[in-house]
> 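I have a structure I would like to understand better, so I am pasting it below and will then ask my questions one at a time.
Residue numbers count from 1 along this sequence.
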Amino acid sequence: MRRKLVVGNWKMNGNLAALAEVSAIADAHRRAPGVDVAICPPFTLIAPAIARAQGMPIGAQDCHSKECGAYTGNICAPMLREIGARLVIVGHSERRQFHHETNEEVRAKAQAAVAAGLQAIICVGETESEREAGRAVAVVTEQLAGSVPDHAPDGDIVVAYEPIWAIGTGRTATCEDVGEMHAAIRAHLKQRFGEWGALVRILYGGSVRPDNAAELFAVGDVDGALVGGCSLTAAQFVPIIEAASRQ
Ligand code: 13P
């Protein structure tokens, strides 16, 4: 019912030479037609990545919530759509942490993305101390309530669960913890949006690697992955795509 989706978040990495990786990833994607694959490189690489992607969706890592205006240094969703981007990540924990983005801002960005015709990947996730305090599900549920727009069924929304302590650390959440959290996210979406809530894809992110992807993809309600470090090279990203296609 829900196709697996594997998204690479390049963060502030990559350059024109690295676009050879996009070509190689796009080749592998063509050989795995049952899986949706996308790459979100830095803004400056979006257009040249599209030229290499052979139709594989390319997206951004953030957008502004307004359509235009005096917001020096920002990029809005219609600008992304105009150059051919198909998706945008909003509310990544690095945006929430380093740019102090609130749930309200993330919600506004998701709304702007959907209004511009982009798929919005809305990120949520708890800190290590919140998990240790037994508050992980409560924190993530509150983030969902604040960050997912009320009219979400009008657009293409994906939720990405990324426990902050697992990002870039090599520490992955256990399959049991991932299963518990994804079930809680699914319950929230169904309660709020009814049938539509069963269709939203929920990705796991946080140190997803070739050697742990298959077991994560086998967990209930894990509909794919949002991958950081291991999406930078085809050598590491392609095995993750292949693991998704075997599910
Ligand atoms: P890593 O895969 O490098 O842990 O990053 C995860 C992430 O933040 C993806 O958005």
> Taking Glu128 first and then Arg171, would you say they form a salt bridge - that is, a charged N and a carboxylate O separated by under 4.0 Å?
yes
> What are the two closest non-hydrogen atoms of Ala26 and Arg52, and how far apart are they?
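Nearest heavy atoms, Ala26 then Arg52: CB-O, 4.2 Å.
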> Assess the side chains of His92 and Glu162: does a donor N or O sit below 3.5 Å from an acceptor N or O?
yes
> Show the nearest heavy-atom pair for residues Val6 and Phe217, with the distance to one decimal.
CG2-CZ, 4.2 Å
> Charged N to carboxylate O below 4.0 Å: is that the case for Glu105 and Arg95?
no
> Just by modelled atom types, is the Ile39 backbone N or O under 3.5 Å from a matching donor or acceptor in the Trp10 side chain?
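No; judged by distance alone, with no hydrogens or angles, the pair does not exist.
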> With side-chain contact (heavy atoms from CB on, under 4.5 Å) as the criterion, how do Leu5 and Val35 come out once you've worked through the C-alpha distance, each side chain's angles and the decisive distance to 0.1 Å?
CA-CA 6 Å; Leu5 169 63; Val35 184; over 6 Å; no
> Does a side-chain N-to-carboxylate-O contact under 4.0 Å join Arg131 and Asp177?
yes
> Checking side-chain contact (heavy atoms from CB on, under 4.5 Å) for the pair Val200/Val158: CA distance, chi angles, key distance, verdict?
CA-CA 6 Å; Val200 175; Val158 173; 5.6 Å; no
> Given the rule in the side-chain contact (heavy atoms from CB on, under 4.5 Å) test, do Val238 and His29 qualify, once you have shown the distances and angles that lead to the verdict?
CA-CA 8 Å; Val238 170; His29 176 225; over 6 Å; no
> Does any non-hydrogen side-chain atom of Cys68 lie less than 4.5 Å from one of Cys76?
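No, too far: nothing below the 4.5 Å cut-off.
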> Do we see a donor-acceptor contact under 3.5 Å between the side chains of Glu126 and Trp165?
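Side chains of Glu126 and Trp165: pair found under 3.5 Å.
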> Between Ile122 and Val208, is there a shared hydrophobic cluster once you connect ILVMFWY residues whose side-chain heavy atoms come closer than 4.5 Å?
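In one cluster: yes.
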> Identify whether Leu87 and Leu80 are in the same connected component of the hydrophobic contact network (ILVMFWY, side-chain heavy atoms under 4.5 Å).
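No; Leu80 is not reachable from Leu87 via cluster members.
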> If you measure from CG on Asp156 to CZ on Arg201, what distance do you get to the nearest 0.5 Å?
6.5 Å
> What pair of heavy atoms forms the shortest contact from Cys40 to Ala60, and how long is it?
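Between these two residues, the closest heavy atoms are SG-O, 3.6 Å.
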> Quick check: is Val178 connected to Ile164 through a chain of hydrophobic side chains (ILVMFWY, heavy atoms under 4.5 Å apart)?
no
> Hey, what do you get for CD (Glu94) to CG (Asn9), rounding to the nearest 0.5 Å?
7.0 Å
> Do Arg107 and Asp150 come close enough that some side-chain heavy atom pair is under 4.5 Å?
yes
> With rounding to the nearest 0.5 angstrom, report the CD1 to CG distance, Ile157 to Leu199.
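CG of Leu199 is found 13.0 Å from CD1 of Ile157.
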> Nearest 0.5 angstrom please: Leu144 CG to Asn103 CG, how far?
9.0 Å
> Looking at every non-hydrogen atom in both residues, tell me the closest pair between Ala112 and Ser65 and how far apart they are.
CB-O, 3.4 Å
> Considering only heavy atoms from C-beta outward, does the side chain of Arg209 approach that of Ser207 to under 4.5 Å?
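Yes; the side chains approach each other to less than 4.5 Å.
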> Could you tell me whether Asp36 and Lys4 have a side-chain N and a carboxylate O separated by less than 4.0 Å?
no
> From Lys109 NZ over to Lys66 NZ, what is the distance, rounded to the nearest 0.5 angstrom?
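The NZ atom of Lys66 is 11.0 Å from NZ of Lys109, to the nearest 0.5 Å.
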> Looking just at side-chain N and O atoms, do Ser129 and Glu132 make a donor-acceptor pair shorter than 3.5 Å?
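Not at all, the side chains of Ser129 and Glu132 share no donor-acceptor pair under 3.5 Å.
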> Should we say atom CD of Glu104 is surrounded by more than 12 heavy atoms from elsewhere, each under 6.0 Å from it?
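Yes, the 6.0 Å shell around CD holds more than 12 heavy atoms from other groups.
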> Would you say Val22 and Met56 make side-chain contact, with heavy atoms under 4.5 Å?
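They are in contact (side-chain heavy atoms under 4.5 Å apart), so the answer is yes.
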> If you compare all heavy atoms of Val124 against all heavy atoms of Val140, which two are closest, and at what distance to 0.1 Å?
CG2-CG1, 3.8 Å
> If you group Ile, Leu, Val, Met, Phe, Trp and Tyr by side-chain heavy-atom gaps below 4.5 Å, do Val114 and Phe193 land in one group?
yes
> So, Asp223 and Arg186, do they make that salt bridge, N to O below 4.0 Å?
yes
> The test is side chain to side chain donor-acceptor pair (under 3.5 Å); show your working for Thr127 and Glu130 and say whether it passes.
CA-CA 5 Å; Thr127 63; Glu130 288 164 343; 3.2 Å; yes
> When hydrophobic residues are tied together by side-chain contacts of less than 4.5 Å, even through go-betweens, does Leu203 share a cluster with Tyr161?
no
> With a 4.5 Å heavy-atom cut-off, do Leu216 and Thr172 have their side chains touching?
yes
> Within the 4.5 Å heavy-atom criterion, are His64 and Ile75 side-chain neighbours or not?
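No; the side chains remain at least 4.5 Å from each other.
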> Is there a side-chain contact between Leu232 and Glu21, using heavy atoms and a 4.5 Å cut-off?
no
> Does a side-chain heavy-atom distance below 4.5 Å link Ile46 with Pro41?
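Sidechains of Pro41 and Ile46: in contact.
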> Decide whether Arg96 and Ser147 meet the rule of one side-chain donor and one side-chain acceptor closer than 3.5 Å.
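Ser147 and Arg96 do have a side-chain donor-acceptor pair below 3.5 Å.
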> Return the minimal non-hydrogen interatomic distance between Ala110 and Val90, and the atom names on each side.
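Heavy atoms only, the tightest pair is CB-CG2, 4.1 Å.
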> Run the side-chain contact (heavy atoms from CB on, under 4.5 Å) check on Cys230 and Phe237 step by step: do they pass?
CA-CA 6 Å; Cys230 285; Phe237 197 45; 5.8 Å; no
> Rounded to the nearest 0.5 Å, what separation is found between the OH atom of Tyr204 and the CG atom of Asp221?
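The OH atom of Tyr204 sits 15.5 Å away from the CG atom of Asp221.
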